[in-house]
S.K.: 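Dumping the structure here so I can ask a few things about it.
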Amino acid sequence: MKKKLTTLCVCSEQDFKKQGKAIIKLAKKQGLIAVTNRLSLFIDKTCRRWWFADKKNGVLLSVEYGLIDKEAINFLTNEISS
């Protein structure tokens, strides 16, 4: 049985980094390049955006304005939820 990955309740810088690493790891498994506008800053944690590109040809696969953490995890796990 697979463990379901969900967004963490980000309360600390450690949780913030842990969630970011999980998103990068998921993207890498799928052959994608993950790009974010916040790597190590714990400022305005609700506005971190993610973009994903195909590793082979560099074509952007995610939406133009980027995906917030929860949307990024749903995008990578092919889950649609509110």
S.K.: What is the minimum heavy-atom distance between L26 and T77, and which atoms define it?
M.R.: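 Residues L26 and T77, closest heavy atoms: CD1-CG2, 4.0 Å.
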S.K.: Do L67 and W51 sit in one hydrophobic cluster, given that two such residues count as connected whenever their side-chain heavy atoms are within less than 4.5 Å of each other, even indirectly?
M.R.: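 Each belongs to a different hydrophobic cluster.
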S.K.: Kindly work out whether a path of hydrophobic side-chain contacts (I/L/V/M/F/W/Y, heavy atoms less than 4.5 Å apart) joins L76 to Y65.
M.R.: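 Yes; tracing contacts between hydrophobic side chains, which count when under 4.5 Å, links both residues.
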S.K.: Taking atom CG of L32 and atom CG of L60, what is their separation to the nearest 0.5 Å?
M.R.: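 Here the interatomic distance stands at 10.5 Å.
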S.K.: Taking T36 for its side chain and R49 for its backbone only, find out whether a donor-acceptor pair lies under 3.5 Å.
M.R.: yes
S.K.: With rounding to the nearest 0.5 angstrom, report the CD1 to CD1 distance, I73 to I23.
M.R.: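 Atom-to-atom, I73:CD1 and I23:CD1 are 4.5 Å apart.
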S.K.: So W50 and I68, do their side chains get closer than 4.5 Å, heavy atoms only?
M.R.: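 Of all side-chain heavy-atom pairs linking W50 with I68, none is under 4.5 Å.
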S.K.: Checking the side chain of Q30 only, and the main-chain atoms of A27 only, is there a donor and an acceptor separated by less than 3.5 Å?
M.R.: no
S.K.: Might you point out which heavy atoms bring D69 and Q19 nearest each other, and give the distance in Å?
M.R.: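 Here D69 and Q19 meet closest at OD2-NE2, 2.8 Å.
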